[in-house]
Amino acid sequence: MHTPIERNYLIDEEQKVTANYYHPLPVVLAHGKGAWVWDIMGKRYLDMMSAYSAVSLGHGHPKILQAMYEQSTRLCVPSRAYYNDRLAPFLQKLCEVSNLDMAAPLNSGVEAVETAIKAVRQWGYLVKGIEKNKAEIIVADNNFHGRTTTIVGFSSDEDSHTNFGPYAPGFISVPFGDVEAIKAAITPNTCAVMIEPIQGEAGVILPPVGYLKQVKELCQKNNVLFILDEVQSGLGRTGKMFAFEHEDAQPDGLILGKALGGGVMAVSAFVARKDVMELFSPGSHGSTFGGNPLAAAIGLQALRVIEAEGLVERSKELGTHFLEELKKIKSPAIRDIRGKGLWIGIELDPAIVKGRDLVEQLLEKGILSKETQETTIRLAPPLIITSEEIDWAVEQINSCLTLY
Ligand code: PLP
C-alpha cells in the first residue's frame, strides 16, 4: 500500500511528462472491479463517471475479459489488408441492433465522427448532386463531437478551438433543440444534419420532446441525411439501446464508440444505410487498427453482454430511481437535476458551489464524478451498478450538498 507522499510523487511525475490538457482529480487509481475502483492507497471509490460512459459494463467485466483473452491468443491486428474471421459477426450484430445496413469499424469516437462527415459529404456530391466542395452540414451549438481540427472548428466551446484555426468551412451551427432554426439553415447544399440526441459534454442537455422526430422528418422532406452522434448516449446509457428510440427517430447514420469497447479498448463505428456507405471505394478511407479481430471480438461481446444482462432495462429502472432520489435532496446549491436512464446532470448555482469543489468533496466521500461546463456534475455510473450502490451514492451526494 502506498502513502500520500508516494501518491503526490506519482502525480508530480505524471504532470512532468504528460501534455497538460486534462485537469485530473488528485487521486491515483490502481485497479477496478465492477462499479468500483481503488487508488494506490487502497481507498475504494464508486465510479459515477465510467470513463465518460466508456465503462458502461463496469471495470473488468468477466465476459469481456474472457473474449479479450481468447481472441488475443488467436489473432489481434492483421490489418484490413486481409479479411478476418471476427469482423463480419461483429458488424452484423451492430447493424441488427441499430437497424442499419453497413458499418465502418474504427477506434475512437472522433474517428467515427470524421468518417460520418466524409460519408455524408460524399453522398452529397455523388447522390444529391451538390456542387464540388460546397457541401454543408448543420450542427448544433454547444455540441461535442471530439477533438480533431475539423471538429473543434465548429465547436462553440472557446477552450476547444482557440488557437487551433484555421477552421474547416462547411458547418452551420444552430441552437440545439430548435427545429425552426434547422429549417431556416437548410439550403440546396445541405447534405446532413448531425447532432447528439442529448448533449453530454454541454451538461446533459435534453432537447424538447419530439425534437428528434421533427428533425428526422425535416431531413426526409429536404433530402438531407439525419446523423446522430450516440458515442456517449448510445448502448443503453439513456434507458434505451439508443437515445433515438425514445422518439422512434431512426437516423440514416449512427456514430458509436465508448461502451462499444467493453471498457477495455477503443472501439467505434459509423453505421449507416447501404446507399450512404456503399459510396466508399478502396483507398477512399481507412484505419490501421479499425476492425481488427481483437476489437471486433470485444465489440461483439459488449453488445451480447448488454442484451444478455438486460442492461438497457436496468439503466431505465435504476436511472428513474436515481433521479427520483436525487430530486429529494433539498439544497440551495441545486439549480436543476435532469437526465435520462443512468445519465444525470446536477446543475449547481456557481455562486454557492463550483462544480470542481463539489467533485472534490465527493472524492473525499468515495465517489468519482466529474464536472462539465464548470456548473454541472455529470453522473453516469456503469449500467451494472446496483440499487443499493445508488442509494449509498445518493447519501454521499446529499451529505455534501446539504452543507450549503
Ligand atoms: N462524440 C460524443 C458525443 C462524445 O461525447 C465524445 C467524447 O466524449 C466523442 C464524440 C469523441 O470520442 P473520443 O474521445 O473517443 O474520440
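In listed order, ligands and their atoms are each counted from 1.
Under the 3.5 Å distance criterion, with hydrogens and angles disregarded, a donor-acceptor pair is assigned to the side chains of H321 and D391. In the model, N107 has a side-chain atom that pairs as donor or acceptor with a side-chain atom of S287 under 3.5 Å. With hydrogens and angles left out, the side-chain atoms of E309 and H61 include a donor and acceptor closer than 3.5 Å. Q66 and Q301 are not linked by any side-chain donor-acceptor pair at a separation below 3.5 angstrom, with hydrogens and angles left out of the test.
Of all the atoms in ligand 1, the ones that sit under 4.0 Å from a non-hydrogen atom of D229 are 1 (N), 2 (C), 3 (C), 10 (C). Ligand 1 places these atoms under 4.0 Å from at least one heavy atom of V110: 11 (C), 12 (O), 13 (P), 16 (O). Each of the following atoms of ligand 1 lies closer than 4.0 Å to a heavy atom of E196: 3 (C).
Nearest protein neighbour of atom 7 (C) of ligand 1, counting heavy atoms only, is K258 NZ, 2.9 Å.
Between E230 and R237 there is no salt bridge, since none of the side-chain N atoms of the basic residue sits less than 4.0 Å from a carboxylate O of the acidic one.
The shell of residues lying under 4.0 angstrom from ligand 1, judged by heavy atoms, includes F144. By the 4.0 Å heavy-atom criterion, E230 is excluded from the residues contacting ligand 1.
Remark: atom 14 (O) of ligand 1 lies closer than 4.0 Å to no protein heavy atom.
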